[in-house]
Asks: 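The following block contains the structure, expressed as structure tokens.
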2 protein chains.
Amino acid sequence: MEHDNCDPASRPSTRDRLITVTCELLEFQGYHATGLNEILATSESPKGSLYHHFPNGKEELTIAAISKVGTAVLERIRDSLSPENGPAHATVPAFIRDISMNVERSGYRTGGPITTVALEAAASSKALRTACAEIYREWQLAVERALIASGSNQSEAESVATSIIARIEGGIIMARCERSRRPLDAIADELEQDLACRAKEKQK
Amino acid sequence: MEHDNCDPASRPSTRDRLITVTCELLEFQGYHATGLNEILATSESPKGSLYHHFPNGKEELTIAAISKVGTAVLERIRDSLSPENGPAHATVPAFIRDISMNVERSGYRTGGPITTVALEAAASSKALRTACAEIYREWQLAVERALIASGSNQSEAESVATSIIARIEGGIIMARCERSRRPLDAIADELEQDLACRAKEKQK
DNA sequence: TAGTATATAGACTGGTCGGTCTACTATCAA
DNA sequence: TTGATAGTAGACCGACCAGTCTATATACTA
């Protein structure tokens, strides 16, 4: 029952390779377009190992993969929006511009690591759907905390945080379609004004 | 070369049935999860007719389908945000609450008719990707016009309109995952304050 | 009526899908 | 050395995939 990395000097364990490769392929192409054989070939693992580590097959492997990227993104959110980096009305737009840069750098092939899965699987798999919902919730709560630390009240922070996550998800979709940073950069600009306006309002 | 509806008293033409059914299935399950055989069975059309009307197969049929729903949504946007219904800072939140209601009413199975396709196909099909980008652009322009009619300047209208479309797309994804109106309603609330704040700012 | 384009009909193909199955190897404890 | 468990290996399965093909029916025109 050893699920962590193996000897750090050698290649990662089969289990870790499977998860890592699945993360990447899901982000590029989504759930149904990513075949188990492709995952197997890319990670150089035999099919027997996959069903040894993930007895419930594709669904279980996918949940492991999106949980991993979900947590990684959560940590990026916490780091970027940490109060020591400044007030939320500065850190949030900067965070979105950073995402914009990364999406561009990937040739508009990545971004929104769980979005495609969320939409594709929402219909067919309850387990996948709730896994995605939980990740979105964690992200939202992290943003919420940053807003509260910058002076928002609970109720405002909740709706604004939800709206920020939604803006990012939607902006990534538009940017990938358009193959342009424009949508994400426009959202960063708009959000900067929005948050500034709210902060100013509060001073009165 | 007759592409419109046939005799209104009888059932729609094969071509129209194919497009309509494809729209629905794509919205429920996405591109790769929707098989041609399923489309054929649901619309009660033989395969020969599909390749007669859409020689390029699934891709061409999908483009026809998303163009249709894209245009239908565009008209809904124009109607809802028409200046005679009031200022944008009232009509836009109302529009989002209306979407929220429809998503709930569908059992959280529909909403964001082109989002899934946009993400799934962005990687593999340039034609589909640009078709989605064009639809997003049309939606954005319609919102932009409504904002300008309510007193925004061009530059602000563009970024705010982009951000509104993104919020809606992202909010629908979150609502479908969570099976709750909460995300979309929170976005409507947040947007209401955001637009009100901007309007107040402008008075000064 | 004959001829032509349009449209319907579905059998069929090669390929891929997710998943099962058996066999083999490595590790470690008794 | 033996036995049990964890892990690797890949052949194999039925189901389904998008797309091709030939045959036929229908509608309109010459």
Asks: To the nearest angstrom, how far is A:Leu50 atom CG from C:dC21 atom C1'?
Replies: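 Spelled out: CG on A:Leu50 to C1' on C:dC21 is 15 Å.
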Asks: For D:dG7, take OP1 and OP2 only and decide whether either is under 4.0 Å from a side-chain N or O of A:His52.
Replies: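 Answer is yes, contact under 4.0 Å.
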Asks: Distance check needed: C:dG19 P versus A:His53 NE2, whole Å only.
Replies: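 Nearest whole value for this atom pair: 17 Å.
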Asks: Can you name the residues that form a side-chain contact (heavy atoms from CB on, under 4.5 Å) with B:Ala123, not counting sequence neighbours?
Replies: none
Asks: State which residues pass disulfide (SG to SG under 2.5 Å) with B:Cys23; sequence neighbours excluded, sorted by chain then number.
Replies: none
Asks: Is there a residue in residues 116-129 of chain B whose heavy atoms reach under 4.0 Å of DNA chain D, and which residues are they?
Replies: none
Asks: May I have the distance from B:Phe54 (atom CZ) to C:dT6 (atom P), rounded to whole angstrom?
Replies: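 Taking CZ of B:Phe54 and P of C:dT6, I get 16 Å after rounding.
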Asks: Treating primed atoms plus P, OP1 and OP2 as sugar-phosphate and everything else as base, which nucleotides of nucleotides 18-24 of chain D get B, S or - for protein heavy atoms under 4.0 Å?
Replies: BBB----
Asks: With a non-hydrogen cut-off below 4.0 angstrom, is A:Ser45 in contact with a base, only sugar-phosphate, or nothing?
Replies: nothing
Asks: With sequence neighbours excluded, what pairs up with A:Tyr108 under the side-chain contact (heavy atoms from CB on, under 4.5 Å) test?
Replies: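 Partners of A:Tyr108 under the side-chain contact (heavy atoms from CB on, under 4.5 Å) test: A:Val103, A:Glu104, A:Arg179, A:Arg181.
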Asks: Please, which pairs that meet salt bridge (Lys or Arg N to Asp or Glu O under 4.0 Å) have at least one residue in residues 135-159 of chain A, sequence neighbours excluded?
Replies: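 Output for this query lists A:Glu156-A:Arg198, A:Glu156-A:Lys202, A:Glu158-B:Arg182.
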Asks: So, is B:Thr14 near the phosphate of C:dA7, with a side-chain N or O under 4.0 Å from OP1 or OP2?
Replies: no
Asks: Under the rule for side-chain hydrogen bond (donor to acceptor under 3.5 Å, both in side chains), what residues qualify as partners of B:Arg129, not counting sequence neighbours?
Replies: none
Asks: Take the protein atom CG of A:Leu61 and the nucleotide atom P of C:dC17, then report the distance between them rounded to whole Å.
Replies: 15 Å
Asks: Would you list the pairs meeting side chain to side chain donor-acceptor pair (under 3.5 Å) in which at least one residue belongs to residues 111-125 of chain B, sequence neighbours left out?
Replies: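 Applying side chain to side chain donor-acceptor pair (under 3.5 Å) to every pair that reaches into residues 111-125 of chain B, excluding sequence neighbours, yields B:His32-B:Glu120, B:Glu59-B:Ser125, B:Thr115-B:Glu169.
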Asks: D:dT8 C1' sits how many Å from A:Arg15 CZ, rounded?
Replies: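 A:Arg15 atom CZ is separated from D:dT8 atom C1' by 16 Å.
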Asks: Could you tell me whether the side chain of B:Thr34 and the main chain of B:Gly30 form a donor-acceptor pair under 3.5 Å?
Replies: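 Checked: pair present.
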Asks: Name all residues meeting the side-chain contact (heavy atoms from CB on, under 4.5 Å) criterion together with A:Ser163; count only those two or more places apart in sequence or in a different chain, and write none if there are none.
Replies: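 Checked A:Ser163 against side-chain contact (heavy atoms from CB on, under 4.5 Å); matches are A:Arg167, B:Arg167, B:Ile187, B:Glu190.
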Asks: Using modelled atom types only, decide if a donor and an acceptor are shared between the side chain of A:Ser45 and the backbone of A:Ser43 within a distance under 3.5 Å.
Replies: yes
